[in-house]
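Here the structure comes first, spelled out in structure tokens, and everything after it is commentary.
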Amino acid sequence: MGGIEFLKGHGTQNDFVLLPDAAGRLELTEARVAALCDRQRGLGADGVLRVVRAAALDIPSGGEWFMDYRNADGSIAEMCGNGVRVFARYLVDAGLATEGEFVVGTRAGDRPVVVHPDRSVTVGMGPATITGTSVTVVAGRPFSGVAVDVGNPHLVSLLDDDVADLDLRDQPDFDHDVFPHGVNLEFVNRLGEGALRMRVHERGVGETRACGTGTVAAVAAALHLAGTDTGASTVDIPGGRVEVTVSRGGSTLSGPAEIVARGEIDEAWWAAAGS
Ligand SMILES: N[C@H](CCC[C@H](N)C(=O)O)C(=O)O
């Protein structure tokens with residue numbers, strides 16, 4: 001009995017299980033996503049990227065393919081920047097898209113991508129909108145932050161203390177009135193002109209080694225605090241380095257994307273994991 005095709009990939013060590021499912025037939029329950037992402041019981045990942053034709057979902061999209069992103073806890077998020085890079089990489093490797101420019105559909109809207117010959121990918125990340133300020137509490141210490149909407153919600157705290165010293169093992173507290181649907185929390189050091197360092201505690205996942213939408217939020221927040229809304233920066237995350245640009249017209253994220261493996265999920269495991 002055949003299994004269910006999957007691939008494993010990552011963008012700056014933010015890792016994903018990809019599920020080719022052109023017709024959208026897989027029953028992707030929260031329980032199944034959580035079991036797939038479990039690093040002992042399942043394949044292990046920060047999230048799942050279902051690869052489905054936009055037409056199969058009746059979602060108006062300028063792109064042929066839609067990225068159905070799920071967080072490791074099974075929750076749905078509007079957008080995943082590192083995920084789009086890996087998704088685009090897969091489409092080109094699978095011959096479903098041509099290297100160069102094309103569009104990927106997401107819950108946050110269409111996202112133009114450029115898959116470069118060196119296997120890196122640039123994503124048009126849309127607007128990064130400053131929506132206010134709020135506070136987060138990490139291991140008893142409060143930090144003020146800038147709220148940024150990148151299609152998904154972020155709170156960016158710029159610190160003088162080295163972000164390496166933060167204990168992010170537990171979910172930092174945040175204001176649920178400001179973020180009723182949860183929030184991704186970024187902690188950032190300025191390294192100098194056009195260079196940031198960041199760690200992130202992701203909504204629906206926990207601390208990850210990278211967060212694409214989070215790096216865009218971090219650059220937008222740093223620019224805002226410097227009194228502008230346009231600029232570019234590298235962002236060093238535990239999983240590597242990305243390049244971000246932010247302007248009034250939108251934002252871009254550039255970085256590596258790798259497909260690591262492909263295989264089959266056991267049908268009996270899939271059935272049992274679903275409930
Ligand atoms: N955890 C995020 C989604 C994934 C974001 C991150 N993996 C990225 O690369 O943007 C959220 O719930 O909004």
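For ligands, and for the atoms within them, numbers begin at 1 and follow the listed sequence. It should be emphasised that the depicted structure is a prediction, and the values quoted were computed from it without experimental measurement.
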Hey, does D46 sit under 4.0 Å from ligand 1 if you only count heavy atoms? no
Nearest non-hydrogen protein atom, atom 2 (C) of ligand 1: N184 OD1, 3.2 Å
Is the distance from the ring center of H181 to that of F179 below 6.0 Å? no
among protein heavy atoms, the one nearest atom 5 (C) of ligand 1 is E202 OE1, 3.4 Å
With the threshold set at under 4.0 angstrom, would you say M79 reaches ligand 1 through any of its heavy atoms? yes
Between T208 and ligand 1, find which residue part has any heavy-atom pair under 4.0 Å and reply side chain, backbone, both or neither. neither
What part of N152, side chain, backbone, both or neither, has a heavy atom within less than 4.0 angstrom of ligand 1? side chain
Could you work out, for atom 12 (O) of ligand 1, the closest of R70, R85, R203 by heavy-atom distance? R203
Checking side chain to side chain donor-acceptor pair (under 3.5 Å) for the pair E202/T208: CA distance, chi angles, key distance, verdict? CA-CA 7 Å; E202 275 199 42; T208 58; 3.0 Å; yes
Is the closest heavy-atom distance from C211 to ligand 1 below 4.0 Å? yes
Pairing donors with acceptors under 3.5 angstrom, does anything connect the side chains of D175 and S134? no
Going by the order shown, which atoms of ligand 1 are within less than 4.0 Å of some heavy atom of N71? 1 (N), 2 (C), 3 (C), 4 (C), 11 (C), 12 (O)
Sidechain-backbone polar pair: R32 side chain, E27 backbone, donor-acceptor under 3.5 Å: yes
Could you check atom 9 (O) of ligand 1 against the protein and tell me its nearest heavy-atom contact, residue, atom and distance included? G212 N, 2.8 Å
To which of N14, T12, V183, V150 does the heavy atom nearest atom 7 (N) of ligand 1 belong? N14
Within this structure, what is the CG-CG distance for the pair L49 and N82, rounded to the nearest 0.5 Å? 10.0 Å
Crowding at CD, Q171 (>12 non-hydrogen neighbours, <6.0 Å): yes
Ignoring hydrogens and geometry beyond distance, is a side-chain donor-acceptor pair present between T245 and T252 at under 3.5 Å? yes
of all protein heavy atoms, closest to atom 10 (O) of ligand 1 is T213 OG1, 2.7 Å
To the closest 0.5 Å, what do you measure between CG (L7) and CZ (F16)? 14.0 Å
Contacting atoms of ligand 1, where contact means under 4.0 angstrom from a heavy atom of A77: 3 (C), 11 (C), 12 (O), 13 (O)
Has the side chain of N152 got a donor or acceptor atom that lies under 3.5 Å from a matching backbone atom of T213? no
So for ligand 1, is E78 a polar contact partner (N or O within less than 3.5 Å, distance only)? no
